[in-house]
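All values below were derived from every heavy atom in this structure, side-chain atoms included, with hydrogens, water molecules and symmetry-related copies excluded. Position 1 is the first residue of the sequence; numbering continues from there.
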Amino acid sequence: VFETRLNYKKEFDKHNINATAVSEFSGNLKSISTYGATGFSNQTNGFNNLSSATIATLPKNNIAKDNLMSFLGRVAYGYNNKYLLTASIRADGSSKFGNENKWGYFPSVALGWTLSEESIIKNMNIFDNFKLRASYGVTGNNQIPAYSSIGLIGAANYVFNDVFYSGIAQNSVSNPGLKWETTAQYNYGVDLGFLKNRLNITAEVYYKKTTDLLLEIQLPLSSGFETALKNIGSFSNKGFELTVNSVNIDNSSFKWRSDFTFSFNRNKVLDLGDK
């Protein structure tokens, strides 16, 4: 993994700016070799004496390499400790996808309003913290094997006229249109603090929708293949979370704190593709 990062911070008057730019490159190389034998007359030495086996199985090996290149730009802006804005854009390029779809672009934006800094709320003398939050963002998923968008060729041994031959054949279906699976999420929340922040309450609702799912689908036997990887279907996830924290007793001899959490979540399959 190679990463470069650039940060910029600036405060002037009632304004606060924090900007970040990131570039990252990561490469993965996986190599697997498998050797086996059966029919040992003596189990004492096991793997250290494979030559004593009566049956040797064909060795197998697999090498896979994939690369990921990413760029991120993010700006956080605050005004007078009341109004907060964070916006970002992320670009990810993965070697696992087809030539036309290697890159995915994922934006996000978040807004915050600290009402407890407003004079009308301060004069109420009720809240130590009162903040409203809202955000929207998109993320991507590329957790599939390397070379998933192309048809791979592998060993295909066969017997002809009682003679064993080695050969090669295509063992996976190509899909040059394979692309990133994406998830869009909305969040709305409120943070409350009372009694010199000895009682804190956080409530949040969220909704997520995932589209272009990376799924293996069944193929007809006439195709010569069992399955194929496609972008197909969508599902949603929505819920509510409530957290209450309290500091009941806090002195040098005794501390007592309480935490309460309630959450509700519902998943729903929206589409599974062609019937």
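When side chains are defined from C-beta on, Glu118 does not count as touching Phe130, because their heavy atoms never get closer than 4.5 Å. Residues Thr20 and Leu72 form no side-chain contact, since every pair of their non-hydrogen atoms from C-beta on lies 4.5 Å or further apart. Looking at Trp113 and Leu115, their side chains come closer than 4.5 Å, going by heavy atoms from C-beta outward.
Contact check on Asp66 versus Lys30 returns no salt bridge, with no Lys/Arg side-chain nitrogen under 4.0 Å from an Asp/Glu carboxylate oxygen. Between Asp92 and Arg90 there is a salt bridge, since a side-chain N of the basic residue sits under 4.0 Å from a carboxylate O of the acidic one.
The side-chain hydrogen bond (donor to acceptor under 3.5 Å, both in side chains) with Thr182 is formed by just one residue from the set Thr139, Asn231, Thr211; it is Thr211.
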Next on the checklist: Using the rule given for side-chain hydrogen bond (donor to acceptor under 3.5 Å, both in side chains), can you reason through Glu204 versus Asn187, listing the C-alpha separation, both sets of side-chain angles and the distance that settles it, and then say yes or no?
Outcome noted: CA-CA 7 Å; Glu204 187 163 358; Asn187 287 72; 2.7 Å; yes

Checklist entry - Can you check side-chain hydrogen bond (donor to acceptor under 3.5 Å, both in side chains) on Thr183 and Asn141, steps first, answer last? => result CA-CA 8 Å; Thr183 299; Asn141 174 34; over 6 Å; no

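With rounding to the nearest 0.5 Å, the separation of NZ in Lys268 from NZ in Lys238 is 7.0 Å. Note that CG of Asn28 and CG of Asn67 are 8.0 Å apart. Values are rounded to the nearest 0.5 Å.
The cluster map of Ile, Leu, Val, Met, Phe, Trp and Tyr, joined by side-chain heavy atoms under 4.5 Å apart, puts Met69 and Leu178 in different clusters. Tyr188 and Phe264 fall within a single hydrophobic cluster, where Ile, Leu, Val, Met, Phe, Trp and Tyr side chains are chained together by heavy-atom contacts under 4.5 Å.
Within a 6.0 Å sphere centred on NZ of Lys255, other residues, nucleotides and ligands contribute more than 12 heavy atoms. Crowding of Lys96 atom NZ: a count of heavy atoms from other residues, nucleotides or ligands under 6.0 Å exceeding 12. Remark: Lys208 NZ is loosely packed, at most 12 non-hydrogen atoms of other residues, nucleotides or ligands lying under 6.0 Å away. Heavy-atom contacts from other residues, nucleotides or ligands closer than 6.0 Å to CD1 of Ile249 number more than 12.
What you find for Val269 and Phe235 is that their closest heavy atoms are CA-CB, 4.0 Å. Minimum heavy-atom separation, Asn157 to Phe164: CB-CZ, 3.4 Å. Nearest heavy atom pair, residue Glu216 against residue Thr227, reads OE1-OG1, 3.1 Å.
Shown here are the salt bridge (Lys or Arg N to Asp or Glu O under 4.0 Å) partners of Asp13, two or more places apart in sequence or in another chain: there are none.
A donor-acceptor pair shorter than 3.5 Å can be found between the side chains of Ser23 and Thr4. Looking at Asn200 and Asp191, their side chains never bring a donor and an acceptor atom within 3.5 Å of each other.
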Taking distance alone, no hydrogens or angles, what donor-acceptor pairs closer than 3.5 Å link side-chain atoms of residues 99-108 to residues at least two apart or in another chain?
| residue | atom | partner | partner atom | Å |
| --- | --- | --- | --- | --- |
| Asn101 | ND2 | Gly177 | O | 3.4 |
| Lys102 | NZ | Phe97 | O | 2.7 |
| Ser108 | OG | Ser88 | OG | 2.4 |

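The aromatic rings of Tyr186 and Tyr136 sit tilted, their planes meeting at an angle between 30° and 60°.
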